[in-house]
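We count ligands from 1, going down the list as the structure has it; atoms in each ligand are counted the same way. In this text, all values refer to a predicted model and were calculated from it rather than measured experimentally.
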Amino acid sequence: MSQSSRPLTPRPVHGEAAKRIERWLKSFGLAGKRAAALAIAAALGSGAMVIVQAYAVAAMIAGVTVDKTGLGGMHAQIILFVLAMILRAAFDTLRQGLAFEAGAAIRARLREVILGRVGAARIHDLPPSGEVAGLVSDGVEAVQEYFAAFLPQRMIAALIPALVLVCVIPFDWVTALILAITAPIIPVFMVVVGKGAEALNRRQWQRLMVMGAHLFDRIAGLVTLRQLGAAQREAALVAAMSEGYRSATMKVLRLAFLSSLVLEFFSTIAVAMVAVYVGFRLYYGDITFLPGLFALLIAPEFFRPLREMGQHYHARMAAIGAAEAMIGLIGPDAPAPETPDPAGNWRILSVEGLAFTHEGGDSIEPLSFTLKRGRTLAIMGPSGAGKTTLARLILGQLPPQSGHILLDGHETDPKTLQEGTGWLPQTPRLFAGTIAENIALGQPTASMAKIEACARIAQAHDFITASTSGYKTVLGEGGAGLSGGQIRRVAMARALLSEPDLLILDEPTAALDAAGAQTLMEAVLAATPDAARLIITHDPTCAALADRVIMLEAGRVTYHGSTKEMPHA
Ligand SMILES: Nc1ncnc2c1ncn2[C@@H]1O[C@H](COP(=O)(O)OP(=O)(O)OP(=O)(O)O)[C@@H](O)[C@H]1O
């Protein structure tokens with residue numbers, strides 16, 4: 001079980017670092033660009049209708065109270081008001097739909113890139129599953145808010161107040177001047193609040209990632225934890241982490257609510273200034289009723305987009321926090337997901353000077369061999385000699401500290417090799433599901449006939465069909481319902497099903513008697529005539545069927561030659 005070692009109190013990012021993250025984020029915006037642009041246009045339409053409505057209301061009130069026209073003489077204003085109301089509702093509905101569409105396109109693109117990167121990662125580079133889950137769910141949602149809420153609002157906050165100013169100037173330029181002078185208060189305040197919000201949001205994300213990774217890891221090992229009586233202790237640890245996350249979230253929310261309150265306060269003061277000024281001018285007869293009332297009605301609408309941008313500013317902060325974690329996972333580029341390389345035409349696998357040292361100091365000394373397709377190499381040696389380590393290096397699960405793995409003399413991407421490899425691990429793992437699903441885990445479209453044929457070769461068919469549900473027998477988590485030996489047989493069928501170019505079998509005959517081991521290996525070799533086969537074994541019967549043998553002792557090769565001349569293990 002692993003635990004993230006990242007610090008819980010991150011350095012604050014602002015200035016250039018935050019802008020760099022934001023540039024990275026924007027490279028994903030292309031996915032929903034058209035819908036986002038249309039959403040902004042719809043918001044502008046709605047803003048224009050608000051101005052028309054304010055004018056119609058002011059004209060109606062002025063007609064009734066000052067000009068004493070009566071409602072009967074105001075058909076034009078009433079029709080204008082109703083039309084503006086209907087159009088405004090239509091624009092708002094359209095805006096919401098388009099913003100959702102833009103957000104959905106960006107969400108899909110981000111998830112595609114993250115999962116594509118995780119799928120393409122070397123196995124030893126894989127991030128904890130909890131972190132990946134946190135990023136593709138909450139992380140992607142936070143980023144979509146940035147695109148669906150903050151970015152359009154930023155544009156709207158620049159355009160609608162400008163539109164209001166242009167409309168107010170012909171009626172009352174003094175009010176327009178007051179609005180223009182007070183407008184910058186809100187963006188300035190937003191930037192001040194933003195400095196603190198960035199650090200808080202990043203801390204919240206770090207805590208969520210650590211908690212997610214920890215929780216996934218502990219859930220996967222729940223049986224072991226219970227067996228060791230450590231479940232309660234772990235539960236307390238998870239509770240403490242949740243509490244840390246709750247407290248970080250509350251700090252973010254507190255700041256978001258407080259900043260909204262202060263923004264409301266400042267915009268209310270600015271509107272009040274306009275109201276007092278208009279009131280005095282009306283009183284002294286410096287302005288007529290209609291422009292004064294129109295200026296009063298429109299002043300809150302001038303500040304509304306700015307206030308809303310202030311409220312969405314925390315969406316930007318949350319997105320930067322999430323994006324930073326994403327960059328850590330998928331890198332600073334936003335590439336298209338890699339398409340799998342359809343390799344498989346190679347003939348010779350060459351291992352050249354491959355070496356590795358575990359953290360504890362145990363190592364494999366530089367080791368070289370070649371293995372042709374259709375040939376079998378047995379790796380033997382006492383327990384702890386480094387046999388499994390060698391297999392894991394070839395499978396790309398451990399990064400070699402030196403040396404190369406070549407296919408037909410060319411350096412190869414571990415992913416390419418992994419895709420064409422059938423692997424029976426030393427401790428195979430089955431999952432909850434039917435036996436057929438477990439065999440077809442890597443080949444979900446495989447036919448039942450093929451699944452059955454592989455199960456026969458792996459000596460699994462008889463015990464599978466002995467149960468009433470046969471291949472449809474449902475297994476519990478970890479293959480519960482089968483014995484350890486039976487799990488190994490099912491996993492062997494799984495390794496054979498993909499018709500691999502390279503077959504790596506770690507102790508394939510464990511738990512079988514000599515006759516069973518011989519039959520199994522002969523069947524496996526006959527079924528994979530074109531595969532290169534690497535067999536890790538303690539079993540001399542099994543090794544005798546190979547073409548060559550490498551004997552390892554404490555990570556060093558003690559024999560490399562034909563099977564016939566090998567010394568007794
Ligand atoms: N993840 C690890 N961290 C540190 N040391 C490790 C790790 N995995 C293996 N080792 C050590 O490396 C050495 C080689 O282990 P490896 O599993 O490759 O041996 P092996 O020959 O396959 O043994 P066995 O036949 O028992 O499976 C052992 O001493 C083992 O303790």
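- For the 3.5 Å distance criterion, the side chains of T541 and D539 qualify, holding a donor opposite an acceptor.
- Salt bridge annotation for E553-R556: absent, with no cationic side-chain nitrogen under 4.0 angstrom from a carboxylate oxygen.
- The pair D408-R347 fails the salt-bridge criterion, with no side-chain N (NZ, NE, NH1 or NH2) lying under 4.0 Å from an Asp/Glu carboxylate O.
- Sorted by chain and number, the heavy-atom contacts of ligand 1 below 4.0 Å come from H358, D362, P382, S383, G384, A385, G386, K387, T388, T389, Q426, H538.
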Test salt bridge (charged side-chain N to carboxylate O under 4.0 Å, His left out) applied to E499 and K450, step by step: CA-CA 10 Å; E499 295 177 8; K450 215 168 151 197; 3.2 Å; yes
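- Considering only residues two or more places apart in sequence or on other chains, A355 meets the side chain to side chain contact (heavy atoms under 4.5 Å, CB included) condition with P366, S402.
- Side-chain atoms of L512 and Q459, non-hydrogen and from C-beta on, do get closer than 4.5 Å to each other.
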